[in-house]
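The chains referred to below are lettered A, B, ... by the order of the sequence lines, with proteins before strands, and numbering in each begins at 1. Note: hydrogens, waters and symmetry copies are ignored here, and every other heavy atom, side chains too, is used.
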Protein chains: 2
Amino acid sequence: MTDPSLAPASGHDHSHCVADALARADSLCASRGARLTALRRRVLELVWRSHRPRGAYAILEDLSQQEGKPAAPLTVYRALDFLVEQGLVHRIESLNAYVGCPAPGLAHTGQFLVCESCGNTEEIDDPRIREAIRDGAAARGFRVRLPTVEVRGLCPDCQSRPRPETTP
Amino acid sequence: MTDPSLAPASGHDHSHCVADALARADSLCASRGARLTALRRRVLELVWRSHRPRGAYAILEDLSQQEGKPAAPLTVYRALDFLVEQGLVHRIESLNAYVGCPAPGLAHTGQFLVCESCGNTEEIDDPRIREAIRDGAAARGFRVRLPTVEVRGLCPDCQSRPRPETTP
DNA sequence: GTCATCGGGTTATGATATAACGCCATTCCC
DNA sequence: GGGAATGGCGTTATATCATAACCCGATGAC
């Protein structure tokens with residue numbers, strides 16, 4: 001938890017992010033009748049250890065360490081499936097990794113700005129992008145179910161830094 | 001090669017697609033001084049067996065069969081890396097699979113409409129989508145290097161069919 | 001001819017994800 | 001409350017996707 005490589009890029013109190021995310025998850029699941037079990041909540045917390053997408057096996061390791069005994073991959077994947085279904089976590093396809101959603105419950109399908117240098121990933125929901133995809137698909141007779149937009153590049157911080165921190 | 005599950009959705013002469021793709025690859029590589037070796041060319045042909053993204057291991061199996069002896073994964077991955085670098089093939093991140101580019105040489109980064117029913121994947125290059133992403137990122141100070149847009153949904157054919165063909 | 005470079009073979013391994021089966025706790029119905 | 005249905009999760013095994021490390025032969029530069 002005090003591993004500096006897990007800290008987010010700019011100085012912000014990340015514990016707030018985590019606490020907020022958990023609180024939102026609690027109330028959202030409660031309002032939906034979805035069961036945010038202890039395990040699922042712990043996995044959500046582990047996803048939120050940073051603003052970088054984390055691989056399932058990284059989460060698995062953390063979980064194993066917390067429990068003092070090795071956990072099985074399925075344990076983590078099932079929890080992640082639940083969290084993704086509830087919109088609490090997004091899967092970043094191009095990284096095979098998972099990142100916490102900062103604004104769940106808004107029924108959005110976001111777009112992701114993935115920094116190739118520090119790994120930090122910002123979720124946005126830009127109406128112009130959303131509508132351009134919707135219209136572009138419609139013009140070709142294609143019915144959109146799930147748009148995936150993942151933009152690799154450099155975040156503002158890393159553009160001004162020579163060689164920034166490593167990814168976890 | 002005559003496996004019907006590999007045929008593209010609508011009746012079109014797919015052998016033309018393949019022949020065209022190979023011809024374009026030949027001239028493009030020649031003009032660039034890139035070496036489209038026999039192996040790479042064969043892998044490109046196997047990617048083009050359908051308009052569905054194909055997994056590296058599916059290609060590997062085809063290749064092994066053609067050669068009468070098992071090929072190694074690296075063989076295929078190296079060829080695919082080359083083809084992707086040359087823009088002859090695109091990787092579909094959300095499927096961990098590869099699909100032929102119908103218009104290489106245009107220096108585009110396309111968007112992909114992936115049918116969840118039949119698997120056929122159409123590559124488009126919609127300026128509105130491209131520009132919306134460029135502007136949306138710029139507005140947040142993010143420098144785009146590689147935009148990835150993969151839209152899952154239903155192609156026109158599959159919207160009018162009850163339960164269409166399977167994916168290979 | 002000699003060297004550098006590159007394509008590709010070989011073997012091993014790492015990383016990501018799911019299948020199949022079963023137990024147990026909760027919940028729901030009556 | 002009793003019993004059945006459901007869902008969460010443990011266990012073991014396996015599938016799928018991708019790369020590391022090493023070597024060798026062909027090609028082209030000089």
Taking the minimum atom-to-atom distance to the side chain of [X], which one of [options] wins?
{"X": "A:Arg78", "options": "D:dA18, D:dG10, C:dT18", "value": "D:dG10"}
{"X": "A:Arg35", "options": "D:dA18, C:dT11, D:dG8", "value": "D:dG8"}
{"X": "A:Asn96", "options": "C:dT11, D:dA21, C:dA17", "value": "C:dA17"}
{"X": "A:Thr75", "options": "D:dC17, D:dT11, D:dG10", "value": "D:dG10"}

I'd like to know whether the aromatic ring centres of B:His14 and B:His16 sit less than 6.0 Å apart in this structure.
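When the ring centroids of B:His14 and B:His16 are compared, they turn out to be at least 6.0 Å apart.
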
Over how many whole Å does the gap from [X] atom [atom1] to [N] atom [atom2] extend?
{"X": "B:Phe82", "N": "C:dT5", "atom1": "CZ", "atom2": "P", "value": "19 Å"}
{"X": "A:Leu80", "N": "C:dA15", "atom1": "CG", "atom2": "P", "value": "18 Å"}
{"X": "B:Ile59", "N": "D:dC17", "atom1": "CD1", "atom2": "C1'", "value": "12 Å"}
{"X": "B:Leu74", "N": "D:dC22", "atom1": "CG", "atom2": "P", "value": "14 Å"}
{"X": "A:Glu85", "N": "D:dG8", "atom1": "CD", "atom2": "C1'", "value": "13 Å"}
{"X": "B:Leu60", "N": "C:dT10", "atom1": "CG", "atom2": "C1'", "value": "14 Å"}

Within less than 4.0 Å of OP1 or OP2 of C:dA17, is there a side-chain N or O belonging to A:Tyr77?
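It does, given that an N or O in the side chain of A:Tyr77 lies less than 4.0 Å from OP1 or OP2 of C:dA17.
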
In terms of side-chain heavy atoms, does B:Glu150 have a donor or acceptor partner in B:Ser94 at a distance below 3.5 Å?
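Side-chain D/A pair, B:Glu150 to B:Ser94: present.
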
B:Glu131 CD: over 12 foreign heavy atoms closer than 6.0 Å:
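Counting other residues, nucleotides and ligands, CD of B:Glu131 exceeds 12 neighbours.
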
Heavy-atom count check: over 12 atoms from other residues, nucleotides or ligands less than 6.0 Å from A:Arg143 CZ?
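At most 12 heavy atoms, drawn from other residues, nucleotides or ligands, come within 6.0 Å of this atom.
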
In terms of the nearest nucleotide of DNA chain D, which residue is placed more toward the 5' end: A:Glu67 or B:Asp81?
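Here A:Glu67 is the residue nearer the 5' end.
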
First encountered from the 5' end of DNA chain C, between B:Ala38 and B:Pro73:
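First, find each residue's nearest nucleotide; the 5'-ward one identifies B:Ala38.
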
So is the aromatic ring of B:Tyr57 stacked onto the base of D:dC17, judging by whether the centres are under 5.5 Å apart and the planes are under 30° apart?
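A stacking contact exists, since B:Tyr57 sits close and nearly parallel to the base ring of D:dC17.
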
